[in-house]
Number of protein chains: 2
Amino acid sequence: MEQNYPRPWVMVDIALFTIRDERLCLILTRRKEPPFEGLHALPGGFVHIQEDTDAEAAARRVIRGKIGFDAPYLEQLYTFSGAARDPRGWSVSVAYYALIPWSLLARSTSAEAFAVEALPPLPFDHPRIVAKAVERLRGKATYSSLPAFLLPAEFTMNDLHRIYEQTIGARLDKASFRHKILEQDIIEEIPGRFRTGAHRPAQLYRLSSKALTAFERKI
Amino acid sequence: MEQNYPRPWVMVDIALFTIRDERLCLILTRRKEPPFEGLHALPGGFVHIQEDTDAEAAARRVIRGKIGFDAPYLEQLYTFSGAARDPRGWSVSVAYYALIPWSLLARSTSAEAFAVEALPPLPFDHPRIVAKAVERLRGKATYSSLPAFLLPAEFTMNDLHRIYEQTIGARLDKASFRHKILEQDIIEEIPGRFRTGAHRPAQLYRLSSKALTAFERKI
DNA sequence: AGACTTAATTGTATTTTGCAAATAACAATT
DNA sequence: AATTGTTATTTGCAAAATACAATTAAGTCT
């Protein structure tokens, strides 16, 4: 009997965050087809039936298609649906957000990054998706290792401090930050590795196995 | 061209939380049709095309059908999809979780509450949905007014304290709890209203307008 | 009146945080 | 080689938040 229900298209849209020039940015694509041809939009695509257990596989496929490799951090954000969000008809979009160090994107050809405070006009309900993604990122940043995924594998304490300030959007005391981060065991020293310069060398750190497994552990 | 993509059914499933006899419980329905006829399951239903802007309207409809009124707290949880989760074929389930005071359910005829630690065997991927819902509820409880929605409109500080301990699953210091809650302005005294008994009368509180509007504010 | 029960406050030790300053370790320059 | 510049890291201390224990408050019941 439920055979007769109308069925929507199901797609994924990705909010791909990175930090470039000390600013929180999103990676957008330019649409090559109508509707909204020529506009910048969140990368997205249709979910295929084979892509099992939530639409994460589809999200990964879209990201790989856009930047050529997987994002270090990927998490489902929210699901938007309705007949009004896409002029072509009823659709459901399972939105994801992902974090990528800018250093990895530099090679990528097609990646265009826009500061979240200066986005171009976006099609569909993408402004709503962006708002929700930024809200979620800011909300999660304080209590988790999340912002660390915006950094390359090796980073200094000051790199981390700066990234946290940028994602949260507020000042954080250096000494307290150091204390808190270290006691949470989300990062660990890389023995003997330092970043040098015309100053005292800075200890290099990496995400601890604890932080990495916490990210993998999905129910 | 995307007309040719196969399209899944879209449904909502609801994790309806309540607290009965000091235990966190879920409201389940008994399935009246195959597959899994006779099993207890999360209340759910198909999303209709008219139900706009995320599937929240569908979730509300399902809840109203189950208990006869709206849940004080309702929020989207996670979206599960895949060809394997339902034997009838490819489906997408937008899962929600809701909080309801047991006092409101007592009248409701068909409501059967099961402690989350002693659930019967569940069909489909409902065990996964439940696990995710409990995880989310526990995670959000600490930093928000969330557990208060498990209480009736008027409650004492001790009621609130007990509810927080039960949802989080840990002891909380009474004096500190009182302090923290009051300074967050999520509840307010009801002037002149007390719960009496064979002891000192207890001040009655209600959720503040601040907490209620924070809940309404959806992007 | 006294026992009993839960509510609410108080006091104090401990821990966490915020802020400012001092010290450390290098490269570059004089 | 000594000095300067620059960023890293630690230290010290005041202020705030928290945990724990005990006390006081306000009623009912016998």
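All chains are named by letter (A, B, ...) in the order of the sequence lines, taking the proteins before the strands, and each is independently numbered beginning at 1.
Under the 4.0 Å criterion applied to side-chain N and carboxylate O atoms, A:R60 and A:D70 are not assigned as salt-bridge partners. A salt bridge links B:D54 with A:R128: at least one charged nitrogen is closer than 4.0 Å to a carboxylate oxygen.
Looking at residues 191-206 of chain B, you'll see B:G197, B:A198, B:H199, B:R200, B:P201 sit with a heavy atom under 4.0 Å from some atom of DNA chain D. Only A:A175, A:R178, listed by number, bring a heavy atom of residues 164-183 of chain A to less than 4.0 angstrom from any atom of DNA chain D.
Screening B:R193, B:K210, B:R206 for a salt bridge (Lys or Arg N to Asp or Glu O under 4.0 Å) involving B:E188 leaves a single residue, B:R206.
In summary, the side chains of A:Q203 and A:Y205 do not present any donor paired with an acceptor at a separation below 3.5 Å, with no hydrogens or angles considered. At a cut-off of 3.5 Å, with distance as the only test, a side-chain donor of A:S93 or A:D13 sits close to an acceptor on the other residue. A donor-acceptor pair shorter than 3.5 Å cannot be found between the side chains of B:E75 and B:Y96. Using a 3.5 Å distance cut-off with no hydrogens or angles, the side chains of B:Q166 and B:Y164 do not pair a donor with an acceptor.
Between A:I187 atom CD1 and D:dT9 atom C1' the separation is 14 Å, expressed in whole Å.
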### Task
Please step through side-chain hydrogen bond (donor to acceptor under 3.5 Å, both in side chains) for the pair B:T167 and B:R138, ending with a clear verdict.
CA-CA 6 Å; B:T167 49; B:R138 294 242 155 94; over 6 Å; no

